[in-house]
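Excluded from the calculations below are hydrogen atoms, water molecules and symmetry mates; all remaining heavy atoms, backbone and side chain alike, are included. Both counts, for ligands and for their atoms, begin at 1 and track the order of listing.
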Amino acid sequence: MALEYLKLDESNSIRISAEDLHKQVSAILQGVGTPQDHAEITAKILVSASLRGVDTHGVGNAVRYSVSIEDGTYTIPQTVEVISETETTALLSCGNGLGFVAAHQGMEMSIAKAREFGLGMATIRDGHHIGMVGYYPMMATQNDMIGMAMTNANQAVRPALGARPRVGTNPIAFGAPSGDERDFILDMATSTVASGKIGLARRLGVEIPEGWAVTGEGEPVTDPPADRGDHWSQNPLGGSREQGSHKGYGLGVMVDILCGVLSGGGVGTQLAGGENMSWTMAIDIARFRDVDDFKSMMDDMIRELHETPPLPGEKAVLVAGDPEADFEDDRSANGVPVENGQYDEMRLRAADLGVEVFI
Ligand SMILES: NC(=O)c1ccc[n+]([C@@H]2O[C@H](COP(=O)([O-])OP(=O)(O)OC[C@H]3O[C@@H](n4cnc5c(N)ncnc54)[C@H](O)[C@@H]3O)[C@@H](O)[C@H]2O)c1
């Protein structure tokens, strides 16, 4: 969820329908040679992020992926190769192409394996950005399964007690289906925030709060930096040792192990900017208990959590996925706000590529 002052509103964005955004993203990607089916998968995931208020990982990124394709950083058309496979596991190569395509296939394979054998898991190397990681567990919840996905990245976050970046912002996403209540979708960087929020703050010209980042001397960084390097790091989740930064740091390394070490694709200290290895898993609930009973217990738990009295000054207690579901309700009905600069950039890029301008 965007912090209050990192919100897109009429002053900094323009609302466009999800349908038009989907067409525009797909057209831009196809304009640089992405096969239609891969462009459609990528557009679907980017539009889902924008609908769910995860603007940092939404449609505004389409132009930079198209540039990475054009300059050869991404290999297009890509072949997602199954390097090895068992009933319950798969090692995939993303083929150095769009990360979305391989992560989507990894979760599809995880779901198919879980349907047949109860559990399915894929680890993916030679990959790039997979966007809002919560998308992939949602594929599992829609199939009455528990889903999990992770992705790593090059070093941006310092280890607890460390003075230099060594770990990526390495997000973890977990989803479980409920009945009448909204599904539980936890989707979180293992740093205090995703790097994208620091980039968004820079574009909107606002400071970042103390606790997100520090200099190599441990001084807080509040002016969002434009570059990466040893002179500053994001803080691991928790921020300081007293507030539990060792736990965020440990979770970040866990992500590196499942995505980077298990696949052989590399960890934070070894990856170049833009390289991301990923991991997906699905668990078939029906192998453990009746699915309706599971969902009904989920509903009871979520209701009890919602009924917790809020602290003075707070409106309500939420569960993971609530803020994004609220965004989705609003944006499905009223359109998706796109940052003014990104709107102009997308239109220009479409025109330059000679593809239809839909927005
Ligand atoms: N692909 C990548 O390389 C990469 C790297 C880092 C992050 N990301 C993505 O960035 C996005 C943002 O990550 P973030 O860590 O800044 O997310 P965030 O802090 O906005 O939200 C984290 C989680 O907390 C939940 N949440 C928010 N407020 C809550 C409340 N009051 N009570 C209960 N739950 C609440 C949200 O539903 C979400 O599941 C995610 O989609 C993540 O996948 C991607």
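- The closest approach between any non-hydrogen atom of Pro323 and ligand 1 is below 4.0 Å.
- Short contacts between ligand 1 and Val133, defined as distances under 4.0 Å to a heavy atom of the residue, involve ligand atoms 43 (O).
- Checked by atom type and distance alone, the side chain of Asn152 never pairs as donor or acceptor with a backbone atom of Cys259 at under 3.5 Å.
- Polar contact check, Gly134 against ligand 1: no nitrogen or oxygen pair lies under 3.5 Å apart.
- An N or O contact shorter than 3.5 Å links His57 to ligand 1 by distance.
- Here the NZ-OG distance, from Lys44 to Ser26, works out to 12.5 Å after rounding to the nearest 0.5 Å.
- Counting non-hydrogen atoms of other residues, nucleotides and ligands closer than 6.0 Å to CD of Glu210 gives a total of 12 or fewer.
- Just one residue in the list Asp330, Asp9, Asp20 forms a salt bridge (charged side-chain N to carboxylate O under 4.0 Å, His left out) with Arg15, and that residue is Asp330.
- Set against the non-hydrogen atoms of Thr151, the atoms of ligand 1 under 4.0 Å away are 1 (N), 2 (C), 3 (O).
- Applying the side-chain hydrogen bond (donor to acceptor under 3.5 Å, both in side chains) test to pairs two or more places apart or on separate chains, those with a residue in residues 347-359 are Ser66-Arg349, Glu70-Arg349.
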Donor-acceptor contacts, no H, no angles, side chain residues 184-192, under 3.5 Å, sequence neighbours left out:
from   : atom 1 : to     : atom 2 : distance (Å)
Asp187 : OD1    : Gly134 : N      : 3.4
Asp187 : OD2    : Gly134 : N      : 3.0
Thr190 : OG1    : Thr169 : O      : 3.3
Thr190 : OG1    : Asn170 : O      : 2.9
Ser191 : OG     : Val193 : O      : 2.7

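- Close contacts between ligand 1 and Asn276 involve ligand atoms 3 (O) [criterion: under 4.0 Å to a heavy atom].
- For ligand 1, one of its N or O atoms has an N or O atom of Asp187 under 3.5 Å away.
- At least one donor-acceptor pair closer than 3.5 Å links the side chain of Asn276 to the backbone N or O of His129.
- Within the 4.0 Å heavy-atom cutoff, Ala173 does not count among the residues contacting ligand 1.
- Below 4.0 Å from some heavy atom of His129 lie the following atoms of ligand 1, by number and element: 1 (N), 2 (C), 3 (O).
- For ligand 1, the atoms sitting less than 4.0 Å from at least one non-hydrogen atom of Glu324 are 36 (C), 37 (O), 38 (C), numbered in the order shown with element in parentheses.
- Every atom of ligand 1 with a heavy atom of Pro171 under 4.0 Å away is listed here by number and element: 4 (C), 5 (C), 6 (C), 7 (C), 8 (N), 43 (O), 44 (C).
- Side chain of Thr79 to main chain of Glu81: no donor-acceptor pair is present (N/O by atom type, distance under 3.5 Å, no hydrogens or angles).
- In terms of polar-atom proximity, defined here as any N/O pair under 3.5 Å, Gly131 does make such a contact with ligand 1.
- Residue Ala153 has no N or O atom closer than 3.5 Å to an N or O atom of ligand 1.
- Not a single donor-acceptor pair under 3.5 Å links the side chain of Thr123 to the backbone N or O of Leu92.
- Defined by atom type and a distance below 3.5 Å, a donor-acceptor pair is missing between the side-chain atoms of Ser245 and Ser240.
- The pair Lys295-Asp292 fails the salt-bridge criterion, with no side-chain N (NZ, NE, NH1 or NH2) lying under 4.0 Å from an Asp/Glu carboxylate O.
- A heavy-atom separation below 4.0 Å is found between Gly321 and ligand 1.
- Closest heavy-atom approach to atom 14 (P) of ligand 1 within the set Glu314, Lys197, Met150, His128: this belongs to Lys197.
- Distances below 4.0 Å separate heavy atoms of Met188 from the following atoms of ligand 1: 15 (O), 22 (C).
- Listed by number with element, the atoms of ligand 1 under 4.0 Å from a non-hydrogen atom of Ala320 are 33 (C), 34 (N), 37 (O), 39 (O).
- No N or O atom of Thr169 sits closer than 3.5 Å to an N or O atom of ligand 1.
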